[in-house]
Enquirer: 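Before anything else, here's the structure in question.
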Amino acid sequence: MRVRFAPSPTGALHIGGARTALYNWLLARGQGGTLVLRIEDTDRERSTPENVEQILDALRWLKLDWDEGPVFQSQRSERHREVLEQLLSTEHAYHSSATAEDVKAYKQRHGDDRGFRGEREAQGAVRLRVPDEGESIVEDVIRGQTRFPNASLDDPVIARADGSPLYNFAVAVDDLDAGITHVVRGEDHLSNTPKQLLVFEALGQTPPVYAHLPLLYGPDGKKLSKRHGAASVQELRDAGYLPEAVDNYVALLGAGFAADEEYFTLDELAERFRLDRVSKNPAVFDERKLRHMNGRYLRELGIDELTRRTEEFTGRTGLRSAVEISAEKIQTLADFWPLAGFLLDGPVEDPAAFERTIAADGGVEILRAAREALNEAEPFTEAGVEAALRGIVERTGLKPGKVFQPVRVAISGTTASPGIFESVALLGRDEVLTRIDRALRRAGGDHH
RNA sequence: GCCGCUAUCGUCUAGGGGACUAGGACGCCGCCCUCUCACGGCGGAAACCCGGGUUCGAAUCCCGGUAGCGGUACCA
């Protein structure tokens, strides 16, 4: 089995493209086959070396490796020219200068459902001669037989007047030469498959097995794009998602696994993946479910690994303790800093939080009491801090939250943080007292 | 226009003629846990596009309609 994947080399690896890549990978790995990468690089504007490298980088981040390639179409022009000549000489193809207008006029005369058939000319673009009778049948693993009447198919242009080959021709030749047995790609290619089939037929060769994946949409049912937030693998990565979670979530979008289990490693996915089980209907990419999954993956990493990745993501070091007390409160790597950054860089600015807690009734008194208790807390550990602060709760009879929130705001600047005892203990006595004093000064009228 | 694909809770899905009072997950709502935010636990609301057939019996098979999507380039 030789599986071929051809990402569109536009720089960003679209999430739909990532799923296609993943399914190709799962198919090849699950069956012990070979995964071949093909790059369509004829569009110099989009397929720059930098863009191609970005795609490869995104694939590597997803842990999707390949066995052969990338094979670039542009490196094969010699071969394409050769096959073109063969088709021309066997009259499976012909030169034609017919334009789009000519095609339209032809349909006007023969009916909308009649495909264009051109006249053989001395020069012009090269068109493939499509039989007038019969049908081209795509044996699709996912959809079953899909029949396209040949009569309604235009003779497709397979090479420009300058001899350069077009996609539907080049890809067929490349797949043939590479001995590709399985082509798994997006459904947007389904209607073009008959053209590729016809090339194989004209060459007297057997086409590969095709499987067309349903497309991926955004929450509004439209094609997934930047408007929907993250639309590419690179954007997911920047948003703090883990490759494990992205692989797992994306695989679920149409893989047709039993629904009682949802968490799988790449190897488990490869083991279970069945091409003929893949869903036929398009799926909507739901980032909320990805977030949920990501949170679980994050916590399964363990503190050491989570720390490593968080430090890599934030570009900071010395995060272990902060990560430890934040782990169960974040869903993405990007959630970490807003929640726990105050532990390293000081309180954040959130005037509303200050007003509601410290500046509010009794806030200053509570902070003074907390300062006193923490000044004497011994030892200054999580347990020691808890005992000290709970002592205030008991003495005053106030609700725990009423006592803890002012302290939280004093040390973090805002109302959401890791556990208060853990945070206070981690900061250390000196730093906590300093921050409380600063908050008291700001509340005004304090003499410390 | 023409050719083609698709159609189960808001979303991802299970289901492949009786096991369906249609199951799970995310999200949502309520309760519990609780120092905030979360995590976790328990419970709840929530779907077979419409119409015909076939059959003793249809979410499941067939046909039609409708809707969505894709293709229809000297793009990929």
Side-chain angles (χ1 to χ4, degrees), chain A residues 6 8-10 40-43 46-47 73 96-100 103-104 107 111-116 124-127 138 140 142-143 146-149 151-154 156-168 170-171 186-195 212 214-215 217 219 221-223 249 252-263 279-293 295-296 299 326-331 335 339 353 357 386 389-390 393 399-405 407-409 412 414-423:
Chain A
S8 81
T10 51
E40 189 68 31
D41 62 337
T42 50
D43 186 336
R46 301 190 304 164
S47 313
Q73 176 175 324
S96 166
S97 60
T99 63
V103 172
K104 203 178 290 176
K107 286 172 184 291
D112 278 341
D113 59 344
R114 305 311 294 180
F116 173 76
V126 179
R127 283 183 188 269
V138 179
D140 191 289
I142 296 170
R143 279 150 226 284
T146 304
R147 298 156 173 277
F148 296 84
S152 60
L153 193 68
D154 295 334
V157 175
I158 58 175
R160 300 185 181 89
D162 67 4
S164 58
L166 259 28
Y167 172 75
N168 286 117
V171 75
E187 195 195 330
D188 48 340
H189 286 277
L190 181 58
S191 299
N192 281 327
T193 308
K195 300 176 191 170
H212 290 92
L215 265 17
Y217 301 137
K222 295 277 170 26
K223 200 169 153 59
Y249 175 70
L252 255 29
L253 258 25
F257 296 135
D260 49 340
E261 273 182 279
E262 290 198 315
Y263 288 81
S279 164
K280 289 193 269 274
N281 21 346
V284 171
F285 176 78
D286 181 9
E287 195 173 334
R288 289 176 304 185
K289 184 155 181 173
L290 206 213
R291 275 188 72 83
H292 177 86
M293 275 202 144
R296 282 193 49 166
R299 268 163 245 124
S326 306
E328 74 171 16
K329 298 178 183 297
I330 61 175
Q331 288 187 301
D335 290 343
L339 182 78
T357 56
E386 175 160 8
L389 291 179
R390 287 210 188 276
V393 173
K399 286 206 191 277
K402 192 79 180 159
V403 174
F404 302 154
Q405 276 305 77
V407 179
R408 186 188 313 282
V409 173
S412 76
T414 188
T415 52
S417 81
I420 189 67
F421 315 126
E422 297 94 310
S423 298

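Chain identifiers are assigned alphabetically (A, B, ...) following the order of the sequence lines, protein sequences preceding nucleic acid strands; residue numbering begins at 1 within each chain.
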Enquirer: What contact category does A/T146 fall into here, base, sugar-phosphate, or nothing, at under 4.0 angstrom with non-hydrogen atoms?
Expert: sugar-phosphate
Enquirer: Regarding A/G124, tell me which of base, sugar-phosphate or nothing describes its non-hydrogen contacts under 4.0 Å with the strands shown.
Expert: nothing
Enquirer: In whole Å, measure the gap between the C1' atoms of B/G15 and B/U72 for me.
Expert: 36 Å
Enquirer: Any donor and acceptor pair, going by atom type alone, linking the side chain of A/D113 with main-chain N or O of A/S152 inside 3.5 Å?
Expert: no
Enquirer: In plain terms, say whether A/K289 and A/D286 are close enough for a salt bridge, that is, a side-chain N and a carboxylate O under 4.0 Å apart.
Expert: no
Enquirer: Please determine, for B/A38, whether a Watson-Crick or G-U wobble partner exists with both distances under 3.5 Å, and give it or none.
Expert: none
Enquirer: Measuring only the P atom in each nucleotide, how far is B/C29 from B/C37? A whole number of Å is fine.
Expert: 14 Å
Enquirer: List every contact pair, protein side and nucleotides 1-3 of chain B side both N or O, where the distance is under 3.5 Å.
Expert:
from : atom 1 : to     : atom 2 : distance (Å)
B/G1 : O2'    : A/D112 : OD2    : 2.2
B/C2 : O2'    : A/D112 : O      : 3.4

Enquirer: Base, sugar-phosphate, or nothing: which does A/T42 touch, judged by heavy atoms less than 4.0 Å apart?
Expert: sugar-phosphate
Enquirer: Considering only heavy atoms and no angle criterion, is a donor-acceptor pair shorter than 3.5 Å present between the side chain of A/R408 and the base of B/C35?
Expert: yes
Enquirer: Find the partner of B/C3: check Watson-Crick (N1-N3 plus N6-O4 or O6-N4) and G-U wobble (N1-O2, O6-N3) distances, both under 3.5 Å, and reply none if neither fits.
Expert: B/G70
Enquirer: B/A46 and B/C35: how far apart are their C1' atoms, nearest whole angstrom?
Expert: 35 Å
Enquirer: Taking NZ in A/K280 as the centre, count heavy atoms belonging to other residues, nucleotides or ligands within less than 6.0 Å. Is the count above 12?
Expert: no
Enquirer: Expressed as a whole number of Å, how far does the P atom of B/G51 sit from that of B/A59?
Expert: 12 Å
Enquirer: Mind checking if A/D162 touches a base, just sugar-phosphate, or nothing, with heavy atoms under 4.0 Å?
Expert: nothing
Enquirer: A/G256 near the nucleic acid: base, sugar-phosphate alone, or nothing, with a heavy-atom cut-off under 4.0 Å?
Expert: sugar-phosphate
Enquirer: Students often get this wrong, so: under 4.0 angstrom with heavy atoms, is A/K104 touching a base, only sugar-phosphate, or nothing?
Expert: nothing
Enquirer: Is any side-chain N or O of A/N281 closer than 4.0 Å to OP1 or OP2 of B/U8?
Expert: yes
Enquirer: Side chain of A/K329, base of B/C39: donor and acceptor closer than 3.5 Å?
Expert: no
Enquirer: Select base, sugar-phosphate, or nothing to describe what A/P194 touches, counting heavy atoms under 4.0 Å on all strands.
Expert: nothing
Enquirer: Taking B/C28 as the reference, what is the distance to B/A47 when you measure between their C1' atoms (whole Å, please)?
Expert: 15 Å
Enquirer: Mind checking A/R288 for me? I need base, sugar-phosphate or nothing, with any heavy atom below 4.0 Å counting as a touch.
Expert: base
Enquirer: Any base atoms under 4.0 Å from A/A161, or only sugar-phosphate, or nothing? Heavy atoms, all strands.
Expert: base
Enquirer: For B/C56, which nucleotide in any strand shown is its Watson-Crick or wobble partner with both distances under 3.5 Å?
Expert: B/G18
Enquirer: Contact between A/T193 and A/F148 at the side-chain level, heavy atoms closer than 4.5 Å - yes or no?
Expert: no
Enquirer: For a quick check of understanding: with a heavy-atom distance under 4.0 Å over all strands, which category does A/Y217 fall into, base, sugar-phosphate or nothing?
Expert: sugar-phosphate
Enquirer: Could you tell me how far B/G10 sits from B/C2 if I compare only their C1' atoms? Round to whole Å.
Expert: 35 Å
Enquirer: Just checking A/I420: base, sugar-phosphate only, or nothing, at a heavy-atom cut-off of under 4.0 Å?
Expert: base
Enquirer: Say we look at B/G64 and B/U21: how far apart would their C1' atoms be, to the nearest angstrom?
Expert: 32 Å
Enquirer: Rounded to whole angstrom, note down the P distance from B/C9 over to B/G23.
Expert: 14 Å
